[in-house]
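Structure first, commentary second.
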Number of protein chains: 2
Amino acid sequence: MLKDFKPNEPEKKEALKAEIKELRGRLCAQQQQLREAKLPVLILLEGWAAAGKGSLIKEIISEIDPRFYNVVSPAVIPESESRYPFLYPYASAIPENGKLIFLDSGWMESAVCKTLQLEISKEEYKRRIRSVNEFERQLRDGGYLLLKIFLHIDEEEQFKRLKSLSENVYTEWRVTPADLWQHREYKNFLRTYDEFMEATNDTIPWHILDGHRKKVAVRDALKLLVNMIDEALAKGRYVGEPFEEKFPLIKMPKLAEVDLSPTISDKDYKKELKDLQNRLSILHNIIYWKKIPVIIGYEGWDAAGKGGNIRRVAYPLDPRGFDVHPIASPEPHELNRQFLWRFWTRLPRSGHICIFDRTWYGRVMVERLEGFCSEKDWKRAYNEINEFERQLTDWGAVLLKFWIHIDSDTQLARFNDRQNTPEKQWKITDEDWRNREKWPQYEEAVDEMLKKTSTENAPWFIIESNDKKYARIKALKIVVEELEKACENHFKREFG
Amino acid sequence: MLKDFKPNEPEKKEALKAEIKELRGRLCAQQQQLREAKLPVLILLEGWAAAGKGSLIKEIISEIDPRFYNVVSPAVIPESESRYPFLYPYASAIPENGKLIFLDSGWMESAVCKTLQLEISKEEYKRRIRSVNEFERQLRDGGYLLLKIFLHIDEEEQFKRLKSLSENVYTEWRVTPADLWQHREYKNFLRTYDEFMEATNDTIPWHILDGHRKKVAVRDALKLLVNMIDEALAKGRYVGEPFEEKFPLIKMPKLAEVDLSPTISDKDYKKELKDLQNRLSILHNIIYWKKIPVIIGYEGWDAAGKGGNIRRVAYPLDPRGFDVHPIASPEPHELNRQFLWRFWTRLPRSGHICIFDRTWYGRVMVERLEGFCSEKDWKRAYNEINEFERQLTDWGAVLLKFWIHIDSDTQLARFNDRQNTPEKQWKITDEDWRNREKWPQYEEAVDEMLKKTSTENAPWFIIESNDKKYARIKALKIVVEELEKACENHFKREFG
């Protein structure tokens, strides 16, 4: 890594120029091939302040179509002000199929700065490294091309450049206090960058480029990029192999074993509803105040009563502090990205409650059964989802997942009722009837999902909903109890 | 307005409860009708701090499907920190067809707070009132249902409520310094709210509700909402009549009058390109530093050379400070909103440069000619666009619009070249050939567009592009000169 880095030998200017020209030409030709092959490319460019990251990007893109790429420079937001998970800015920025994104510093810069500034604990830093490895692997497995470059200059060179920037009236504002701090702490940064790169080098390797000689760096970066694209175009889109990491799981019953007989009397329902909603209303204040993020996912059979259940949970909440996201089939710009993207971008700010009406589990249910993704894709998804959810709970989110359960007869009765009641007819479509025919396949898929993704940090709750009122009370009770636990833990952490 | 407000008489509790129940039932039934009629509804709820806006919303929505509405509470961001135009947070929040949005305080709160805190000048305050009137009218004309409510409590009541919130450990954090300041300045706020409402009452009228009696306010708000929706459902979607406001216009030639013969020698091209790109590179630093927003729109004939032109302008820019937005046909979630929404949401942050490759002028070209919108829609659009662009330049944006112009023979030659050159074939589609057949209709539409929308604040520039190199230099020169002017003006304003 950096400590063993040897600077490049000087090269002949003319030869270098010719090489760069040739590589740029190849990249230009690749644009259209990438578009046709629908391959997305993410280039992560990390490196020292004043190493020349911006101008390196400029030189790489100088001849390609500006409609084809984007450059994103996510700010490193102080931990105290950040209202989203660590990976959120990067996960939100991933390119569409056929497009190219440059991240002008990204997850490494953020993690390294925060650990050196003691904004995050050692444990949290390790968790972030793990998340980064997961994130990179998920992108690769989803067919993304990733190129990770570190642009290196030594301490002396950094001093010279910062000085010269400071002395020019047009550029002095570009030298930030953070840059100066990095320069003072050069050796610390060097060691930490190195550690970070070593810890994240296995899935997608790092490439260290010499920032002292600008043209050489341009040539080397172009070569890496063009070769990576050529290789991918030759091989076709990569589809990752399924594998299962061990997550601490909670044992779930099979759906067929669930006793659907529980009911509640009208009197008890009213009383409990009022009581639980009152408690939830108070809890929401604490959640908001203490900035705890809450995510509640609803899945379940058609006509199981998800809508009415969500309404009872939402009613006591302050409408400014929660959102309900109905998840329908993805739009084109969503389909053109890794499947979790449309959930990443819908995450609540900390302190907010977000209810998903259907979730990312579509991947292992409808997408699996309707063939909207490959077998490898949905088989890989169990693990990808477990990782995603751990990233959310690592962030501090309370994450609850409800399977709203009914039996097939109850569904039939409700379908018939909808069909025969004019005001309810819009709720029932041909698709519902078609899905109903696939009940056994869905049941198998749901059983597998519950078994593989009910982790300790993000458990599934089966909500018996043959009696809708019973189901509402049960869901509300879980929400209230889990939020009470979360608030208690928060206070314990804060006040010891 | 507020100064003449008379509080409601007490009403019988039971009767009120029954009325509310009946209205909620009607609203529930309307959900599905709104969805079918694809009508979007925006409810702006303004009012005093502690008047009970949040709980009013909660009561209105308590029985409707949470997938059907959203509640948005845009923060009032201090003027010095705001990186977007005044209306940006509200324009970004407009609902999709068939959905309902509650704005828990909006453009009035923001404008009133900022004028009272002297964050904006009197002139700017007036401009904002004008923008609000334009924005509301555009939404109405585009078929949106707008309901504007002010929730009123008197000074004494506000004191009581703020006091009681402060005394409860769960709610004390809800009382903000801004609330206390409002209370101290109650009379000033009263006067300014009144003025603002009088100034924005003509297009969409205000409704002042009595916040002293919660249930009465709920009933009255529900009644207003339900009646508005019923009326709209009965009449069908409103389509506004075209009308033309006077804007100071720059006289444009007809396309047929444009002399397309200008060319540039290769030697001059190279020299000028280098010189202009150097100047632009330095200017970009100032733009970034001084936080001047820049928007450049490209329109032109197919094969006119937009892409290559954009690339020459983009090349000298710092890639972290600009974006190119290629505008294709709208996706479903974009089609389901007012036509400017997808441009509002793509505006640059101040200090950034945003290049649109095709723009909002699609409305008066392709959408007009292909019948993607009604005649009234595109005829209204000239004025709507002029207003939108004035809102952008009022914000301080430099807004340049290029028509990249070639003649029909040149287009034919370039089409044939693309067809016959394997690497270029992807650039030409059947649609291009079909569009070419409509050249005369397009020419008529472009002439009308240039005539009606070349305003002094956002002029059109016709770029003769039979010689692409000439066109690049001309466009670059305009960009450089206009940015130089903008920087000079900025310095003049700042340093006198």
Side-chain angles (χ1 to χ4, degrees), chain A residues 28-29 31-32 35-36 53-58 60-73 102 104 168 170-174 281-283 285-286 288-289 307-308 310-311 313-326 331-334 355 357 423-427, chain B residues 28-29 31-32 35-36 53-58 60-73 102 104 168 170-174 281-283 285-286 288-289 307-308 310-311 313-326 331-334 355 357 423-427:
Chain A
C28 263
Q31 279 177 80
Q32 179 49 19
R35 210 171 308 180
E36 275 165 19
K53 298 191 291 287
S55 76
L56 178 60
I57 294 176
K58 204 154 112 176
I60 296 176
I61 61 185
S62 70
E63 304 211 354
I64 58 181
D65 186 337
R67 289 168 289 194
F68 171 63
Y69 65 82
N70 258 303
V71 180
V72 185
S73 336
F102 290 86
D104 181 349
N168 178 329
Y170 292 130
T171 55
E172 54 172 347
W173 60 277
R174 281 180 176 268
S281 174
I282 292 170
L283 277 166
N285 266 301
I286 304 176
Y288 197 88
W289 174 30
I310 291 173
R311 202 139 53 76
V313 172
Y315 175 71
L317 303 177
D318 185 325
R320 292 166 283 198
F322 81 94
D323 270 311
V324 176
H325 291 295
E331 292 202 9
H333 70 290
E334 298 171 329
I355 300 176
D357 183 358
E423 316 86 82
K424 293 186 187 167
Q425 269 164 19
W426 63 274
K427 284 186 163 190
Chain B
C28 264
Q31 279 178 80
Q32 180 47 20
R35 210 171 309 179
E36 275 165 19
K53 297 192 291 288
S55 75
L56 178 60
I57 293 176
K58 203 153 113 177
I60 296 176
I61 62 186
S62 70
E63 304 210 354
I64 58 181
D65 186 338
R67 290 168 289 195
F68 171 63
Y69 64 82
N70 259 303
V71 180
V72 185
S73 336
F102 290 85
D104 181 349
N168 179 329
Y170 292 129
T171 55
E172 55 172 347
W173 59 276
R174 282 181 175 267
S281 175
I282 294 170
L283 278 166
N285 266 301
I286 305 175
Y288 197 87
W289 173 31
I310 290 173
R311 202 138 53 75
V313 172
Y315 176 70
L317 304 176
D318 185 325
R320 292 165 283 198
F322 82 94
D323 270 311
V324 176
H325 291 295
E331 293 203 9
H333 69 291
E334 297 171 329
I355 300 175
D357 182 357
E423 315 88 81
K424 293 186 186 164
Q425 267 165 20
W426 63 274
K427 282 187 163 189

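The figures here come from the full heavy-atom set of this structure, side chains too, leaving out hydrogens, waters and symmetry mates. The shown structure was predicted, so the numbers you read here are calculated from the model rather than taken from an experiment.
Among B:Pro326, B:Pro319, B:Ala29, the residue making the largest number of heavy-atom pairs under 4.5 Å with chain A is B:Pro319. If you tally non-hydrogen atom pairs under 4.5 Å between each of A:Gly308, A:Pro332, A:Ala314 and chain B, the highest count goes to A:Pro332. Note on A:Glu63, A:His325, A:Lys427: by heavy-atom pairs under 4.5 Å with chain B, the leading option is A:Glu63. No other option in B:Asp318, B:Asp104, B:Ile286, B:Ile57 has as many heavy-atom pairs under 4.5 Å with chain A as B:Asp104. Ranked by heavy-atom pairs shorter than 4.5 Å toward chain A, the options B:Tyr288, B:Trp426, B:Tyr315 are led by B:Trp426.
Judged by distance alone, with hydrogens and angles left aside, the side-chain atoms of A:Gln31 form a donor-acceptor pair with the main-chain N or O of A:Asp65 at under 3.5 Å.
For B:Asp357, the salt bridge (charged side-chain N to carboxylate O under 4.0 Å, His left out) partners at least two apart in sequence or on another chain are A:Arg67. Taking the side chain to side chain donor-acceptor pair (under 3.5 Å) definition, one finds that B:Glu36 meets it with B:Gln32, sequence neighbours left out.
With a 4.5 Å cut-off on non-hydrogen atoms, B:Trp289 touches chain A through its backbone and its side chain both. Contact annotation for B:Ser73: only side-chain heavy atoms (C-beta onward) come within less than 4.5 Å of a heavy atom of chain A. Contact of B:Phe102 with chain A is not made at all, since no heavy-atom distance falls under 4.5 Å. Residue B:Ile355: no heavy atom, backbone or side chain, is found under 4.5 Å from chain A.
Here CG of B:Asn285 is found 8.0 Å from CG of A:Asn168. Values are rounded to the nearest 0.5 Å. Considering CD of B:Glu334 and NE2 of A:His333, their distance stands at 7.5 Å, rounded to 0.5 Å.
B:Phe322 and A:Tyr69 have perpendicular rings, their planes meeting at more than 60° on a 0 to 90° scale where under 30° would count as parallel.
A:Val71 and B:Asp323 get closest at one heavy-atom pair: O-OD1, 4.4 Å.
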